[in-house]
Amino acid sequence: MAEEKEGKKKKTPRQSMPEQGPAVRAKNFDEVPFGYDEETAMLEASRCLQCKKPSCVEGCPVSVDIPAFIAKIKEGDFTGACRKLWERNALPAVCGRVCPQELQCEGKCIVGKKGDPVAIGNLERFAADWERHHGTGELPPIEEPTGKRVAVVGSGPSGLTVAGDLILKGHDVTVFEAFHLPGGVLIYGIPEFRLPKEIVGQEVNFLVRQGVNLETNQVVGRTVTIDELFEQGYDAVYLGVGAGLPRFLNIPGENLIGIYSANEYLTRSNLMKAYLFPKYDTPIIKGKNVVTLGAGNVAMDSARTALRLGAESSKIVYRRSRQEVPARSAEVHHAEEEGVEFHFLTNPVRFFGDEKNRLTGMECLQMELGEPDDSGRRRPLPIKGSEFKLECDLAIIAVGAGANPLLTQSTEGLKLNNWGYIITDPKTGKTSKKGVWAGGDIVTGAATVILAMGAGRQAADSIDDYLKWGW
Amino acid sequence: MFKIVRKEEMSEGNVILNEIEAPLIAQKAKPGQFVILKANETGERIPLTMADTDPEKGTITVIYMVVGKSTALFKTLQVGDEYQDVIGPLGKPTHVEKVGTVVCVGGGTGIAVLHPITRAMKEAGNHVIAIIGARSKDLLILEDQMRAASSDLRVCTDDGSYGHHGFVTDVLKEVCEKEDVAQAVLIGPVPMMKFASLVTKEYNIPTLVSLNPIMVDGTGMCGGCRVTIGGKTKFACVDGPEFDGHQVDYDELMARLQAYCEQEKQCYEEFCTLEQA
Ligand SMILES: Cc1cc2nc3c(=O)[nH]c(=O)nc-3n(C[C@H](O)[C@H](O)[C@H](O)COP(=O)(O)OP(=O)(O)OC[C@H]3O[C@@H](n4cnc5c(N)ncnc54)[C@H](O)[C@@H]3O)c2cc1C
Ligand code: SF4
Ligand code: FES
């Protein structure tokens, strides 16, 4: 392969990552792709044209200097590559795995105009993994202690970013997390086969080694309120509590046994390790015929988890068409390879159960596309008389999440929009309450890891300013 | 880590009391609220409504019945041992105000939950009639505490080994008939709450029940705890755990509590075999 690189430089095809075969991986929880080896990574890096005005960077929500980190990989300076990534992105091992690159950097890459774009995500993942395995683990320098205390509520990607940035500036940072483990969606939502929990654990550990205090089992709003945090001497508070309110369909039969919100299904499997039951005590219903409602990343994760828990069939039921599927294309592709069936333009109408209140099936309606709606997507309309029945003993509802009111309702002076999300200044992340910032899914609604991190970075800068200069 | 400072066995060793160091929760908790406990790394998250709190000492008290693997595991913890995780206080506290005569009805370990509410109702200036029941005398818990917490205590046993021979619902009916009851609080096994609610409904008495569905997070993020109240879905962990007893779909709750009975049996049997070995 190295020779190929010498001769026909321009024709090097996009390097794919080796991965577990679909039949094998659909039965285990190990990560699907193995990642590049050094040689392949350098070869892929050589495909980058090192554009003067790199359009990939425009596509990156946190403006990673993409050509620079790729150049380091090409030179074989993998630590240097990772350092470059860290300048703008605290969690490259995570983002390389979960960002929707096809809509961001890779979607804008110039090489992609005429062929396959540079595999920026795969390279990011490679550099971060290399550093995790071979790096010195040396801690970055920390500024003189300022004596200021910051409370970060929520330990998802947004909160972790704030904590990481502010600890470097010499502030005393404590992260409060409601669950017994830190990581937010990275730990309870995204499954092991897509994002190994070891990676999340290492990222958190890195922060703790730098001096971040971690308080798990602290439900802010219940165990302690925001005003009490100020009374305890915290100077600033960041709210990165995510969009933790499951949406249901509100159709008949939804409370039957065998119907989960994706949040519950994935939390049982990932956080509570129900996939290792009975070694772990938390049980989970393992369906034979599983239907997942929705077609985002959450739905793909659910449908693929069901296969791994032994389902004979795993179906995605989505009321719009293939074009509107919001999941990362890599996930849809992986799901299809593993045997997940897709039913597009199909809307659930009701669930049926047996005398023990257990799910036995559902009624669906076929849809067709009508005029565009507010979101610009063509509105699906039901086709009269097209009802049909799907047999299923497990249904997972993955049609989105809303704002969880637990914290916001227990906090006075916090302005919310009509949907319950926190209103912030888009440049700084400042809320209407003095000394309080917010960002991530609790501001934008369920979005992406990188946007949550970007919001965290902005807020951290603003918090640092505030602690030095005032509100 | 949350250390156990006191352990008591009641009801022939089937019901266990743990007093646990949890200063933050002890300071905040109000009657009617619950905590979620997880014993160790591989453990399950189990919700238990608090039976008492001591803010000065920094402790909370929970009382649970050993019914499966997780509670059997809890029972192996001795004084000085620790729960890995205790989260709370969760749920809404009981609304306590002076309304006149309040009847508090408890069955099984529900009595433990009822105790602090009974006390708070009396402290608020109500005349509190408490009715507690068990299958037999040996299985009855917290009789003395309930006597102290209420103005008037009635005890019943199903087998007649102590107090009134019969169900709490019989005595409740009598009380409703004779007294001008302004409020009822019913806490116990689901069938007890269901039938006792039918009694108070007959007399048009506003009624609170405390529900204990299966939970995961206890903060409203999973919906596993959903219950149907007056035809609408509610999350018991944040909207409850207390609800209007006349609006609850008890049959759905009973069915949902059985969701994992097969897995639980498997897990429990394995655990018991290991314990004996
Ligand atoms: C299954 C799934 C798959 C996804 N896949 C992708 C993907 O492939 N790519 C992508 O970019 N995005 C993906 N997302 C979206 C992405 O994970 C989120 O946008 C991102 O995690 C939001 O980060 P956050 O920090 O705002 O919140 P979260 O990650 O939700 O973290 C919030 C944290 O706050 C804690 N918390 C909440 N309330 C309180 C409280 N009162 N007190 C203390 N702590 C509290 C929560 O327990 C949680 O740990 C996925 C989401 C899910 C659910
Ligand atoms: S747009 Fe593509 S080719 Fe240009 S710098 Fe970015 S990754 Fe390299
Ligand atoms: S226990 Fe998860 S929402 Fe109530």
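Numbered from 1 within each chain, the chains take letters A, B, ... in sequence-line order.
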Discussion item. Using heavy-atom distances under 4.5 Å, tell me whether B:L73 contacts chain A through its side chain, its backbone, both, or neither.
Written reply: side chain
Worksheet item: If you tally heavy-atom pairs under 4.5 Å against chain B, which of A:L245, A:N250, A:L407, A:N404 wins?
Response: A:N404
Fill in: Atom CD of A:Q232: over 12 foreign heavy atoms under 6.0 Å
yes
Item to complete: Please say whether more than 12 non-hydrogen atoms of neighbouring residues, nucleotides or ligands are located less than 6.0 Å from CD in A:E228.
Response: yes
Discussion item. If the condition is salt bridge (Lys or Arg N to Asp or Glu O under 4.0 Å), which residues does A:D172 pass it with, not counting sequence neighbours?
Written reply: none
Worksheet item: Parallel, tilted or perpendicular for B:Y260 and A:Y260, by the 30°/60° rule?
Response: parallel
Worksheet item: Looking at A:T225 and B:K28, what are the two nearest heavy atoms and their distance?
Response: N-NZ, 4.1 Å
Fill in: B:Q27 portion near chain A, given a 4.5 angstrom heavy-atom threshold
neither
Worksheet entry | For B:G43 against A:M272, the heavy-atom pair lying closest together | O-CE, 3.6 Å
Worksheet item: Most heavy-atom pairs under 4.5 angstrom with chain B, which of A:R268, A:K279, A:K356, A:E254?
Response: A:R268
Discussion item. Is A:I259 close to chain B through its backbone or its side chain, or both, or neither, when contacts mean heavy atoms under 4.5 Å?
Written reply: both
Worksheet item: Between atom CZ of B:R256 and atom CG of A:N255, what is the distance when rounded to the nearest 0.5 Å?
Response: 5.5 Å
Discussion item. How about NZ on A:K197, more than 12 heavy atoms from neighbouring residues, nucleotides or ligands closer than 6.0 Å, or not?
Written reply: yes
Item to complete: Would you give the length of the straight line joining atom CZ of A:R222 to atom CD1 of B:I87, rounded to the nearest 0.5 angstrom?
Response: 13.5 Å
Worksheet entry | Partners meeting side chain to side chain donor-acceptor pair (under 3.5 Å) with A:S302 (sequence neighbours left out) | none
Item to complete: Can you measure from CD1 (B:I25) to CG (A:N217) and round to the nearest 0.5 angstrom?
Response: 8.0 Å
Worksheet item: Looking only at heavy atoms, which two atoms of B:Q258 and A:R358 are closest? And how far apart?
Response: O-NH2, 3.0 Å
Practice prompt. For residues A:E264 and B:G224, report the shortest heavy-atom separation together with the two atoms involved.
Written response: OE1-CA, 3.0 Å
Discussion item. Less than 4.5 Å to any heavy atom of chain B: does that hold for the side chain of A:L256, its backbone, both, or neither?
Written reply: backbone
Worksheet entry | Top contributor to chain A interface from B:G218, B:S70, B:P89, B:A29 [non-hydrogen pairs under 4.5 Å] | B:P89
Fill in: Under 3.5 Å: donor-acceptor pair, side chain of A:S261, backbone of B:C222
yes
Item to complete: Answer whether the closest heavy-atom distance between the side chains of B:E44 and A:Y280 falls below 4.5 Å.
Response: no
Worksheet item: At a heavy-atom separation under 4.5 Å, does A:F248 approach chain B through its side chain, its backbone, both, or neither?
Response: side chain
Practice prompt. Answer yes or no: does atom NZ of B:K7 have more than 12 heavy-atom neighbours from other residues, nucleotides or ligands under 6.0 Å?
Written response: yes
Fill in: Contacting region of B:V216 [heavy-atom separation from chain A under 4.5 Å]
side chain
Response to the item:
Rounded to the nearest 0.5 angstrom, the OG1-NZ distance for B:T42 and A:K273 is 11.5 Å
Worksheet item: Which atoms form the tightest heavy-atom contact between B:Q263 and A:F277, and what is the distance?
Response: O-CZ, 3.4 Å
Practice prompt. Rounded to the nearest 0.5 Å, what's the gap from OG1 on B:T219 to CG on A:L406? Could you check?
Written response: 6.5 Å
Worksheet entry | B:F235 side chain near A:P246 side chain, heavy-atom distance below 4.5 Å | yes
Worksheet item: So which part of A:T267 gets closer than 4.5 Å to some heavy atom of chain B, the side chain, the backbone, both or neither?
Response: side chain
Discussion item. As an exercise, state the distance from CG of A:D281 to CD1 of B:I46, rounded to the nearest 0.5 Å.
Written reply: 8.5 Å
